[in-house]
Structures are given as structure tokens and as C-alpha cells.
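Each remark here refers to the structure printed beneath this line.
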Protein chains: 2
Amino acid sequence: MKVSKELSQSRMPTEHQPASNEAKLPAAEIPIEHDLDPGASVEQTPAGSLGRILPEATLARLTQYLRALGAMQARGEARTSSGVLATEAGVNPAILRKDLSLLGSYGTRGVGYAVTDLVEQISKAMGLLRQWRVAIIGAGNLGRALSGYGGFRSRGFEVVALLDSSPDVVGTTVGDLQVQDISDLDEIVAATNANIGVLSVPGAAAQDLCDMLVQCGVRSILSFAPVVLQVPAGVVLRKVDLATELQILAYHAQNLDS
Amino acid sequence: MKVSKELSQSRMPTEHQPASNEAKLPAAEIPIEHDLDPGASVEQTPAGSLGRILPEATLARLTQYLRALGAMQARGEARTSSGVLATEAGVNPAILRKDLSLLGSYGTRGVGYAVTDLVEQISKAMGLLRQWRVAIIGAGNLGRALSGYGGFRSRGFEVVALLDSSPDVVGTTVGDLQVQDISDLDEIVAATNANIGVLSVPGAAAQDLCDMLVQCGVRSILSFAPVVLQVPAGVVLRKVDLATELQILAYHAQNLDS
DNA sequence: GCTTGTGAACACCTTCACAGCG
DNA sequence: CGCTGTGAAGGTGTTCACAAGC
């Protein structure tokens with residue numbers, strides 16, 4: 001099956017990471033997409049409503065701050081400073097302060113930041129106070145691994161459905177989820193109110209399934225498929241590419257040896 | 001030394017990752033993050049030897065070009081142009097030409113590029129002509145999924161070992177690999193000559209296992225653990241952070257809705 | 001004193017536009 | 001004429017260094 005449909009001339013403002021990175025996987029990334037990979041998809045200023053627009057690079061770091069802050073909370077630390085937090089998150093203190101100032105978050109000069117406060121500010125800015133419901137498309141090895149990944153549930157992400165097209169897999173149980181048939185996607189998305197789709201399917205099938213997700217109203221998609229996907233404006237796509245990550249690693253490894 | 005980006009980061013690409021990250025995974029983020037990780041140890045331009053230093057962003061794209069070129073080969077196309085290839089890879093034609101010119105690769109003005117030639121040039125520049133042997137640390141869901149991931153074997157990456165610490169898992173068979181005991185890491189790395197390590201272990205165990213890998217002489221590591229890892233200079237670390245990828249996605253999704 | 005917040009300098013990437021050349 | 005290769009321009013992201021303020 002072919003990858004690109006020549007439909008849309010207009011090139012989406014997508015693409016990583018990078019990840020990079022970005023994933024970004026990368027990245028994807030994822031992600032991310034930084035990419036991962038490389039860069040990730042970005043939307044134009046979404047109406048002036050309330051949105052502060054945060055740079056992609058800042059977003060990636062904010063998640064690291066959240067993690068470090070979580071560890072501090074667990075250790076019972078109430079206050080921290082840009083120096084300490086930056087070390088823990090593995091970044092430069094200056095850019096950490098700049099990131100936080102983008103949120104409008106206030107620290108106290110001469111003192112530092114209140115841990116709980118920061119967690120709240122960052123979570124709010126990143127949209128983590130909502131409950132996100134994830135539908136995983138593709139119950140192969142990766143899809144099953146993702147559905148059981150503890151790191152998701154821990155921060156407001158709930159896997160509400162796991163779908164596949166193969167009759168051999170549909171109906172089997174993975175964790176506490178039963179694999180459902182992809183042809184019921186529409187009803188399942190509606191019933192579960194899933195708002196994030198994860199594509200863990202072979203490259204050849206990815207664009208079609210991506211289109212299906214979009215058609216069902218899912219507007220945020222994380223793809224692990226090793227292909228370039230096209231999505232209409234108004235849909236956010238991030239890509240995590242495992243083969244890409246290894247290849248970039250190979251490049252650096254080669255350079256070390258030479 | 002810098003630390004991380006995500007996916008991908010790449011940095012994702014991952015990331016990402018950058019992720020990127022991205023990445024970045026982060027990308028397998030290896031990303032992320034991006035992820036991607038940092039410029040890792042800063043290599044001096046190896047003087048005139050042979051090393052061209054390629055920007056991280058270029059590396060991420062080169063892998064996409066490779067993929068698109070592979071599809072062209074499969075379709076029996078012998079020549080292509082920056083316009084066509086760029087579309088297929090989802091990038092701007094100008095930057096594609098710039099990327100390729102960094103390799104010293106020659107196209108023909110007025111004509112385009114020879115597909116097979118480009119594949120060779122890019123593969124060589126990225127170190128993909130060697131055989132890379134991958135040891136996967138952690139035979140949980142993710143580790144098992146990775147060990148069976150077809151995308152690895154397809155471009156010179158061979159999974160030569162799958163290790164775990166749990167007695168329940170050691171000795172079991174995954175695909176055509178038998179899970180080995182992590183305490184034998186040293187011998188296994190020596191016997192298989194593994195030169196890339198993949199960490200698919202819980203965050204709490206990651207730094208220790210990372211250190212073990214380094215001690216055994218593995219100097220290229222791709223980590224899926226949701227923690228910041230420290231490695232000595234001379235070791236390349238990339239990171240793919242799945243939770244980060246989803247969080248960045250959540251941010252964009254929230255912004256769409258508002 | 002200490003740490004934050006930020007302007008300015010810097011480095012890196014991307015896009016544009018066109019010269020160069022088959 | 002068409003397409004590559006690239007200087008120059010434009011962005012974006014990071015680091016530096018210091019003023020502001022508890």
C-alpha cells in the first residue's frame with residue numbers, strides 16, 4: 001500500500017522531532033519528534049483565548065521538571081531553586097527560569113520556588129489536569145506493551161481501548177482490556193470518549209488507520225509507524241520512530257570510534 | 001556536557017527527540033527528546049580525517065530520506081529529485097538539498113539524484129554499513145516488544161541479547177532469543193560483541209544498569225527509562241520518553257480545544 | 001546575602017532566492 | 001529549461017551576565 005495520498009497539496013505544518021526527539025521518538029520524539037524526532041507538529045496561535053504559546057523545546061523540558069518535582073514531593077521537599085531543579089532535570093538553570101517565566105509562574109527572589117505550586121502551574125499549562133483517554137490502535141507487541149505501560153496511567157492518561165484488525169487477536173485479553181475490532185472504531189471512540197489515538201501498526205496500514213481516527217473525531221495522534229503521515233489542519237500528530245533513534249545512535253557511535 | 005532534550009526528542013526524539021527528542025522515540029527518543037538527547041559528548045571535529053559533523057536535525061531527516069529512497073528502490077525508480085524526495089519525506093526541498101550537500105553527495109544539476117547512489121552515501125555517512133549488535137536490558141513488555149521489532153533488523157541492527165534480572169523471566173524464550181541473566185552481562189557483551197545497549201527497565205533501576213553497560217564497554221545507549229541518566233564523556237546516550245510524548249500531545253490537544 | 005527574571009549576545013536551523021551548471 | 005548547490009536573510013532556541021528584589 002502506498003504511503004502518501006496526493007490529496008492535500010498544502011503541506012501540513014507538521015513534522016519533528018525528536019525526535020527527536022523528539023523526539024520528541026524520538027522525541028517521538030515521542031517523541032517526540034523530536035523528534036523527535038525532530039520537530040513536532042505545531043498549531044498556529046489558537047485564537048487569543050487564553051493560550052500562552054509554549055515553544056516545543058520548552059514543553060519537552062517542562063515534562064522533565066514535572067518528573068523531578070514529583071520526586072521532590074515524594075521526598076517531602078517543599079521548596080527548590082532553579083539550580084537544584086535544573087540539575088535534577090538535566091538542564092541549564094537559566095533556561096529553566098526562562099521556561100517557568102513563560103508560564104507566568106512566580107518564584108521568590110532569594111528563595112526559590114514552592115514545589116507544589118510549580119507542579120500545579122506546569123500541570124495546568126500542559127493540560128494535564130484533564131483526564132485523557134487513549135485508544136491504542138494495533139495490538140501487536142508494541143501495542144500490548146504500551147497498553148500496560150505504567151507511565152501512562154500515572155499522569156492522567158487512561159488507556160480506554162485497544163483495537164486490532166486481526167481476527168486472531170480480537171477478543172483476546174491484555175491486562176484488563178479486551179482487544180476490540182478496528183471496524184467498530186467509530187462506536188468505541190464514541191462510547192469511551194477517547195481523545196487521543198496511538199498508532200502502533202505496520203507502516204503500510206498507518207495512513208488509513210490515521211484517517212479513520214481523524215474521521216472518528218480524534219484530533220491528537222501519537223504514531224509509532226515508520227512512515228510520514230498526513231493529517232488535516234486541526235489535528236496534532238506526533239511521531240516516535242524507533243528505527244530512526246537507533247540510526248542516529250549508530251551515527252554517533254561511529255564518530256566515537258573513528 | 002549537555003544532558004537531555006527529549007525525544008524525540010528526540011528529545012524526543014526521541015526526544016525529542018527531541019525525542020526527540022525526538023523523538024524524538026523520541027522518539028524511540030529517543031526522542032526526546034527528545035529525545036533525544038544532547039549533543040552528548042562534544043566531539044572535536046576530527047580534523048580532516050574523514051569525519052564530517054552532521055547537525056542533529058540533519059541526522060533525523062537523513063533517516064527519513066533513507067526510508068523514502070528505500071521505497072523508491074522497491075518501486076524500481078532509479079532517479080529522483082529534491083522536490084519529489086522532499087515531498088515523500090515530508091520536508092522542504094531546500095533543506096533536503098542542504099542536508100545532502102553536507103554529505104558531499106553530488107546530484108546532477110538539471111537532472112536530480114541517483115537513488116542507489118544516495119542510499120549508499122547516506123548509509124555510509126550514518127554508519128549503517130557496519131553491523132550493529134544490540135543488547136536489550138529489561139525483558140518486560142517493552143523489552144520483549146523491542147526484541148521482536150522488525151524495523152531494527154531491517155537496517156543492520158541485530159538484537160543479540162535480551163537480559164533481565166527477574167528469575168521468573170530469565171530462561172524464558174522470546175522470539176528466537178532466550179532471556180539471560182543480567183548478572184552475566186559482562187560475559188554476554190563480550191561473547192556477542194554487542195555495541196549498542198537498549199534500556200527498557202523501570203526508572204529506579206536505569207542508572208545502575210546504565211553504569212553496568214558502560215563498564216562492560218558499551219558506549220551507545222538508547223534509554224526508554226523515564227529518568228535523567230548520567231553517562232561519562234565518550235558515551236552516547238539517547239532517550240525516548242513515552243510519557244513525555246503523550247504529555248506534549250496533551251498540551252497541543254488542549255490548545256486545539258480552547 | 002541569595003535567587004529570580006530578563007535583555008542582549010550568541011549559536012543553530014530553516015527558508016528564500018538565485019546563481020551555476022548539466 | 002530544469003534542478004542542484006549555496007549565500008544571505010529570517011527564525012527559533014540557548015547561554016550569558018546582571019539588574020531587581022526578597
Side-chain angles (χ1 to χ4, degrees), chain A residues 11 13-22 24 34-40 42 44 53-62 79-87 89-114 117-118 121, chain B residues 1-6 9-11 15-22 33-34 36 38-39 42 53-62 79-87 89-114 117-118 121:
Chain A
R11 176 150 298 295
T14 122
E15 215 21 67
H16 287 179
Q17 343 321 247
S20 283
N21 306 339
E22 261 24 43
K24 316 261 275 300
H34 285 255
D35 252 247
L36 118 220
D37 196 76
V42 176
Q44 308 304 349
I53 289 302
L54 302 176
E56 201 68 19
T58 294
L59 291 174
R61 285 189 298 265
L62 285 177
R79 272 180 280 105
T80 189
S81 68
S82 65
V84 172
L85 183 51
T87 300
V91 303
N92 177 302
I95 206 162
L96 183 150
R97 293 197 296 275
K98 198 152 275 191
D99 285 340
L100 294 183
S101 80
L102 287 177
L103 307 185
S105 154
Y106 286 174
T108 319
R109 295 176 195 232
V111 178
Y113 301 90
D117 225 54
L118 264 194
Q121 295 253 17
Chain B
M1 163 185 320
K2 298 166 49 178
V3 180
S4 83
K5 176 195 199 183
E6 118 242 39
Q9 89 104 101
S10 303
R11 304 159 22 139
E15 227 341 327
H16 223 92
Q17 164 53 334
S20 78
N21 290 8
E22 75 243 328
E33 95 172 36
H34 253 133
L36 281 244
V42 182
I53 290 300
L54 302 176
E56 201 69 16
T58 293
L59 291 173
R61 284 188 298 267
L62 285 177
R79 275 180 279 105
T80 189
S81 68
S82 65
V84 172
L85 183 51
T87 300
V91 302
N92 178 302
I95 206 163
L96 182 150
R97 292 197 297 274
K98 197 152 275 189
D99 286 339
L100 294 183
S101 79
L102 288 177
L103 306 185
S105 154
Y106 286 176
T108 319
R109 296 178 193 228
V111 178
Y113 301 90
D117 224 55
L118 264 194
Q121 295 253 17

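Nucleotides of DNA chain D nearest to B:Leu100 and A:Thr58 differ in position, and the one nearer the 5' end is that of B:Leu100.
If you take CD1 of B:Ile95 and C1' of D:dG10, they are 13 Å apart, rounded to a whole angstrom. Counting to the nearest Å, the C1' atom of C:dT4 and the CG atom of A:Asp117 are 15 Å from each other. What separates CD of A:Glu56 from C1' of C:dC12 is a distance of 17 Å, to the nearest Å. The distance between atom CG of B:Leu118 and atom P of D:dG5, rounded to the nearest whole Å, is 9 Å. Separating the OH atom of A:Tyr113 from the P atom of D:dG21 is a distance of 16 Å, rounded to the nearest angstrom. What separates CG of A:Leu59 from P of D:dT12 is a distance of 15 Å, to the nearest Å. The distance between atom CG of B:Asp99 and atom P of C:dT14, rounded to the nearest whole Å, is 8 Å. We find that CG of B:Leu103 is positioned 14 Å from C1' of D:dT4, with the value rounded to whole Å.
Minimum atom distance to the side chain of A:Ala94 is reached by D:dC16, of the listed C:dA17, D:dG13, D:dC16. Between D:dA8, C:dT3, C:dA8, one nucleotide has an atom nearer to the side chain of B:Lys98 than all others, and that is D:dA8. With distances taken from any side-chain atom of A:Arg61 to the nucleotides D:dT14, C:dC16, C:dC13, the minimum falls on D:dT14. Across D:dT15, D:dC22, C:dC16, the shortest atom-to-atom separation from the side chain of B:Asn92 is found for C:dC16. Residue B:Arg97 places its side chain closer to D:dT4 than to any other of C:dC13, D:dC18, D:dT4. For A:Pro55, taking side-chain heavy atoms from C-beta onward, the closest of the listed nucleotides C:dT3, D:dG13, C:dG20 is D:dG13.
Closest approach of B:Val111 to B:Arg79, counting heavy atoms only: CG1-CD, 3.8 Å.
The side-chain contact (heavy atoms from CB on, under 4.5 Å) test with A:Arg61 is passed by exactly one of A:Leu96, A:Leu100, A:Asp99, A:Asn92: A:Asp99.
Looking at heavy-atom distances under 4.0 Å, B:Pro93 makes no contact with the nucleic acid at all.
The OG1 atom of A:Thr58 sits 11.5 Å away from atom CD1 of A:Ile53, with the distance rounded to the nearest 0.5 Å. To the nearest 0.5 Å, the span separating CG on A:Leu102 from CG on A:Leu54 amounts to 6.0 Å.
The side chain of B:Thr108 places no N or O atom within less than 4.0 Å of a non-bridging phosphate oxygen (OP1 or OP2) of C:dG22. For D:dT4, the OP1/OP2 oxygens have a side-chain nitrogen or oxygen of B:Ser82 closer than 4.0 Å.
Between A:Ser81 and A:Tyr113, every side-chain heavy-atom pair lies at or beyond the 4.5 Å cut-off.
Side chain A:Arg109 to base C:dT4: a donor-acceptor pair is found below 3.5 Å.
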